> 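Can you keep this structure in mind? I'll have questions shortly.
First the proteins, then the strands, lettered A, B, ... as listed; each starts at 1. All figures in this text were calculated on a predicted structure; none of them were measured in a lab. What you see below is based on every heavy atom in this structure, not just the backbone, and it leaves out hydrogens, waters and symmetry mates.
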Protein chains: 2
Amino acid sequence: MDKKLSACANPDCGKQLLAVRDAIEVLGGKWRIPIITVLGYYKTRRFKELQTEITGITAKMLSKELKELEANQLVTRTVQDTRPITVIYEITPYGYSSSKIIRELYDWGVAHREKVMK
Amino acid sequence: MDKKLSACANPDCGKQLLAVRDAIEVLGGKWRIPIITVLGYYKTRRFKELQTEITGITAKMLSKELKELEANQLVTRTVQDTRPITVIYEITPYGYSSSKIIRELYDWGVAHREKVMK
DNA sequence: TTAGTCGGTATACTCTAGGAAACCAGTATA
DNA sequence: TATACTGGTTTCCTAGAGTATACCGACTAA
């Protein structure tokens, strides 16, 4: 999302924001949460299956985001020696842990929509 | 953050993402979480105090983001008839509710840093 | 009268996340 | 031979988020 999320001048407050920045860096952007959500739902998916499921994402973005999620240990990538080759992406237990946050976002989003809409 | 966060093709999964999108729209961007964090910490702050506390933010961005947070009922704005005029921004109970998510992000960010760093 | 505070606006710019479309190698089927 | 599927990569481009800087009116204290 953001390269540098500013800190508060106040040290306590500043430390808090540093950690929040880390979380946003891992989960931020347009496609990470959709990817994690889909993978959390199906547990494993192939590249093309993800692309079909996540409407609107381009191969470029999917490839890029999966790499970063892999680097952050939220998903694993396994090449299967079939013909044609298939690549299995699987959510890790750690990846599941992030869905706790996504669940929070979901609950809050639902409540917010109700509150603001009426 | 993002104007349109895509949905999953799968309906269950898609509904979930719509609500998540709402939450991200309200809390996203570079400055909203810092503002809520600072306001959650101090409860009330004046415009200039916020600008001082949130290092790096410009008056334009602060003004713009406060307006949107006010529109979403996360903060209130009160003009006080002093000389010179002072404007008090205060976090609402509803604004506090969003800090539950921020807390989640914080906890996860701390754990993530520990996991990935070593 | 000049400089300073407050809470902002207005204008013009930069920069980068993301999008569109073409292309790639390897294998298989018609 | 050509077309299609797999899982991508490369290039070019744009919209919009965020930045920099100057400015505003109302007031006051020196």
> Could you tell me how far apart Glu49(B) (CD) and dT5(C) (P) are, to the nearest whole angstrom?
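So the CD-P distance, Glu49(B) to dT5(C), works out to 15 Å.
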> Side-chain contact test, heavy atoms from C-beta onward, threshold under 4.5 Å: evaluate it for Ile33(A) versus Ile24(B) and give yes or no.
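Heavy-atom side-chain distance check passes, below 4.5 Å.
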> Assign each of Lys64(B) and Arg77(A) to its nearest nucleotide of DNA chain D by heavy atoms, then name whichever residue's nucleotide is nearer the 5' end.
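The answer here is Arg77(A).
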> Measuring from the side chain of Lys60(B) (C-beta onward, heavy atoms only), which nucleotide among dT11(C), dG8(D), dG18(C) has the closest atom?
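So the nucleotide nearest the side chain must be dT11(C).
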> From the set dC6(C), dG18(C), dT19(D), return the single nucleotide nearest to any side-chain atom of Trp31(B).
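Taking heavy atoms from C-beta onward, the closest nucleotide is dT19(D).
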> Given 3.5 Å as the limit, does a donor-acceptor pair link the side chain of Arg32(B) with the main chain of Glu25(B), or not?
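A pair under 3.5 Å: yes.
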> Compare all side-chain heavy atoms of Trp31(A) with those of Leu62(A) and state whether any distance is below 4.5 angstrom.
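No, their side chains stay 4.5 Å or more apart.
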> Side chain of Pro84(B) only, please: which of dG8(C), dC6(C), dG7(D) is the nearest?
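The listed nucleotide nearest to Pro84(B)'s side chain is dC6(C).
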> Of the options dG7(D), dT9(C), dG18(C), whose atoms approach the side-chain atoms of Ala59(B) most closely?
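Ranking dG7(D), dT9(C), dG18(C) by closest atom to the Ala59(B) side chain puts dT9(C) first.
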> Which whole-number value in Å describes the distance from Lys30(A) NZ to dT14(D) P?
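Atom NZ in Lys30(A) sits about 17 Å away from atom P in dT14(D).
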> Roughly, in whole Å, what's the span from CD1 in Ile57(B) to P in dA20(D)?
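Result: 12 Å.
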> For Trp108(A) and Ser98(B), test the side chains for any donor-to-acceptor distance below 3.5 angstrom and give the result as yes or no.
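Checked: Trp108(A)/Ser98(B) side chains show no N/O donor-acceptor pair below 3.5 Å.
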> Of the options dG8(D), dT5(C), dG7(C), whose atoms approach the side-chain atoms of Phe47(B) most closely?
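The listed nucleotide nearest to Phe47(B)'s side chain is dG7(C).
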> Tell me, please, which residues at least two apart from Tyr41(B) pass ring pair (Phe, Tyr, Trp, His ring centres under 6.0 Å).
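Tyr41(B) satisfies ring pair (Phe, Tyr, Trp, His ring centres under 6.0 Å) with no other residue.
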> Just to be sure I understand the rule, does Lys67(A) reach a base, reach only the sugar-phosphate, or reach nothing, if contact means heavy atoms closer than 4.0 Å?
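Here Lys67(A) touches the backbone only, sparing every base.
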> Over its full length, what angle do the end axes of the helix from dT1(C)-dA30(D) to dA30(C)-dT1(D) make, each axis taken from five pairs and the result rounded to 10 degrees?
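Terminal axis comparison yields 30°.
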> State which of dT6(D), dG7(C), dG18(D) makes the closest approach to the side chain of Met61(B).
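Side chain of Met61(B) sits closest to dG18(D).
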> What is the separation between atom OH on Tyr89(A) and atom P on dG8(D), rounded to the nearest whole Å?
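Atom-to-atom, Tyr89(A) to dG8(D), this comes out as 4 Å.
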> Checking Thr92(B) side chain against Gly95(B) main chain: does a donor-acceptor pair fall under 3.5 Å?
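Yes, the answer is positive, given that a donor and an acceptor are paired below the 3.5 Å cut-off.
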> Parallel, tilted or perpendicular for His112(A) and Tyr94(B), by the 30°/60° rule?
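Ring orientation, 0 to 90° scale: parallel.
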> Could you tell me the separation between the CD1 atom of Ile35(A) and the P atom of dG18(C), rounded to a whole number of Å?
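Whole-Å distance recorded here is 11 Å.
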> Which pair of non-hydrogen atoms, one from Ala59(A) and one from Phe47(A), has the smallest distance, and what is that distance?
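For Ala59(A) and Phe47(A), the tightest heavy-atom pair comes out as O-CZ, 3.8 Å.
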> Return the value, rounded to whole Å, for the distance between atom CG of Leu62(A) and atom P of dG8(D).
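These atoms are roughly 8 Å apart.
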> Would one find a side-chain N or O of Ser63(A) under 4.0 angstrom from OP1 or OP2 of dG7(D)?
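No.
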> Between dA4(D) atom P and Lys48(A) atom NZ, what is the distance in whole Å?
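Value for this atom pair: 14 Å.
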> Over how many whole Å does the gap from Glu65(A) atom CD to dG18(C) atom C1' extend?
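Spelled out: CD on Glu65(A) to C1' on dG18(C) is 9 Å.
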> Out of dC27(D), dG18(D), dG18(C), which has the shortest distance to the side chain of Arg83(B)?
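Among dC27(D), dG18(D), dG18(C), the one nearest the side chain of Arg83(B) is dC27(D).
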